[in-house]
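Worksheet: the structure to be examined is printed underneath.
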Amino acid sequence: MAMIERWRLDTHTFHLPIGEATITLEDVEVLFGLLVDGLPVACPHDLRDYRGLHYLHMLQQLTGFQPAEEIALSGVSHLQLTSIRQHLAAMDAEITDDSPPEDIDRHTRLLLILMFGGVLLPNTSENLVILIFLHHLERLDDFPGYSWGAAVLGYLYRQMCQACMGT
């Protein structure tokens, strides 16, 4: 809350006793080790009309996981992380050196979703992950080439502005 109180919407900076400060792409790159000059992270036009059930279907296709209850959805594009954590806890015992690549890819995608919701694109509830980036998990080989640093910084700025406006 202290940082939100010091955030200025008009300049996108923190007003601190030592002066103005902001978070830059370089900060995100150094602190998180995220690429800032790769492919743009964007939502394809055909996915902009996706709603909860569409995302759940995509989640099931990419990870083999679908929450037992639709109540795991929050709004049209958020999923509760609790159900993913529980599924991963059960799945961890099944992943070994001899696991098929498809199972390892599914497990990796679920871990990335947890990282989105818990670290990179956190929600104030600390239990929701936004699913609009789910399509980027389709081809794991392409995943590192995206400018995740820019996406994280943009998301942070958006969240700070919304918090300052009280929405």
Side-chain angles (χ1 to χ4, degrees), residues 1-52 54-56 58-59 61-63 65 74-82 84-85 88 95 101-102 104-167:
M1 287 304 294
M3 294 307 283
I4 291 172
E5 291 172 2
R6 296 179 182 279
W7 182 257
R8 298 295 179 261
L9 289 171
D10 53 341
T11 59
H12 287 56
T13 57
F14 296 101
H15 285 252
L16 305 171
I18 58 169
E20 289 187 22
T22 193
I23 300 169
T24 65
L25 280 173
E26 183 180 10
D27 296 330
V28 173
E29 184 177 36
V30 170
L31 294 172
F32 288 108
L34 296 172
L35 191 64
V36 296
D37 58 357
L39 298 168
V41 176
C43 183
H45 188 69
D46 57 334
L47 296 182
R48 293 178 190 208
D49 294 329
Y50 266 39
R51 296 294 179 253
H54 296 109
Y55 285 117
L56 287 182
M58 186 186 296
L59 179 69
Q61 283 183 318
L62 293 174
T63 66
F65 168 70
S74 177
V76 295
S77 63
H78 287 79
L79 179 68
Q80 291 180 4
L81 290 174
T82 307
I84 295 174
R85 284 188 189 107
L88 274 171
I95 298 293
E102 301 84 33
I104 293 171
D105 286 351
R106 288 181 180 137
H107 192 262
T108 301
R109 287 181 181 108
L110 286 170
L111 289 171
L112 286 168
I113 291 169
L114 278 181
M115 192 170 69
F116 279 149
V119 179
L120 299 177
L121 308 168
N123 184 282
T124 55
S125 73
E126 298 179 7
N127 189 38
L128 295 175
V129 62
I130 190 165
L131 296 175
I132 62 171
F133 300 112
L134 196 56
H135 67 281
H136 287 290
L137 300 179
E138 209 167 335
R139 296 179 53 181
L140 289 176
D141 291 340
D142 296 342
F143 188 80
Y146 286 97
S147 177
W148 290 107
V152 166
L153 185 60
Y155 183 83
L156 171 68
Y157 277 11
R158 183 173 184 261
Q159 293 297 98
M160 290 299 292
C161 292
Q162 285 182 338
C164 285
M165 293 185 296
T167 60

Between Thr22 and His12, is there a donor-acceptor pair closer than 3.5 Å when you use the side chain of the first and the backbone of the second?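 Between the backbone of His12 and the side chain of Thr22 there is a qualifying donor-acceptor contact (under 3.5 Å).
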| query | Any donor and acceptor pair, going by atom type alone, linking the side chain of Trp148 with main-chain N or O of Phe143 inside 3.5 Å? | reply |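 Yes; judged by distance alone, with no hydrogens or angles, the pair exists.
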- Item | Partners meeting side chain to side chain contact (heavy atoms under 4.5 Å, CB included) with Gln159 (sequence neighbours left out) |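 So Gln159 forms a side chain to side chain contact (heavy atoms under 4.5 Å, CB included) with Tyr155, Gln162.
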So which heavy atom on [X] is nearest to which on [Y], and how close?
| X | Y | result |
| --- | --- | --- |
| Leu16 | Arg6 | CD2-CD, 3.5 Å |
| Leu81 | Gly118 | CD1-N, 4.2 Å |
| Thr13 | Glu20 | OG1-OE1, 3.5 Å |
| Pro40 | Tyr146 | O-CD2, 3.4 Å |

- Item | Evaluation steps, side chain to side chain contact (heavy atoms under 4.5 Å, CB included), between Leu62 and Arg106 | CA-CA 6 Å; Leu62 293 174; Arg106 288 181 180 137; over 6 Å; no
In a table with atom names and distances, give each donor-acceptor pair under 3.5 Å that connects a side chain of residues 27-36 to protein atoms at least two apart or in another chain.
from: Asp27; atom 1: OD2; to: Thr24; atom 2: N; distance (Å): 2.9
from: Asp27; atom 1: OD2; to: Thr24; atom 2: OG1; distance (Å): 3.1

Note to self: Pair Ser147, Asp37 - check side chain to side chain contact (heavy atoms under 4.5 Å, CB included), show working.
What the structure shows: CA-CA 5 Å; Ser147 177; Asp37 58 357; 5.9 Å; no
For residues 130-140, run the donor-acceptor check on the side chains, cut-off 3.5 Å, and write out each pair with its distance to 0.1 Å, sequence neighbours left out.
from: His135; atom 1: ND1; to: Ile132; atom 2: O; distance (Å): 3.2
from: His135; atom 1: NE2; to: Ala42; atom 2: O; distance (Å): 3.1
from: His136; atom 1: NE2; to: Ala42; atom 2: O; distance (Å): 3.2
from: Arg139; atom 1: NE; to: Asp142; atom 2: OD2; distance (Å): 3.1
from: Arg139; atom 1: NH2; to: Asp142; atom 2: OD2; distance (Å): 3.4

Please assess Ile113 against Leu59 for the test side chain to side chain contact (heavy atoms under 4.5 Å, CB included), listing each intermediate value before the final yes or no.
CA-CA 10 Å; Ile113 291 169; Leu59 179 69; 3.5 Å; yes
Hey, could you give me the [atom1]/[atom2] distance between [X] and [Y], rounded to the nearest 0.5 Å?
| X | Y | atom1 | atom2 | result |
| --- | --- | --- | --- | --- |
| Ile95 | Leu88 | CD1 | CG | 9.0 Å |
| Leu114 | Leu120 | CG | CG | 11.5 Å |
| Leu110 | Thr63 | CG | OG1 | 4.5 Å |
| Leu156 | Arg158 | CG | CZ | 12.0 Å |
| Arg8 | Asp10 | CZ | CG | 8.0 Å |

Side chain to side chain contact (heavy atoms under 4.5 Å, CB included) evaluation trace for Leu121 with Val129 = CA-CA 7 Å; Leu121 308 168; Val129 62; over 6 Å; no
Notebook entry, point to check: Does Arg85 reach the side chain of Asn127, with side-chain heavy atoms less than 4.5 Å apart?
Noted result: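 Yes, their side chains come closer than 4.5 Å.
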Min side-chain heavy-atom separation Phe65-Arg109 under 4.5 Å: no
| request: For the pair Tyr50 and Tyr55, name the ring-plane relationship: parallel under 30°, tilted 30 to 60°, perpendicular over 60°. | output: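 Tyr50 vs Tyr55 ring planes: perpendicular.
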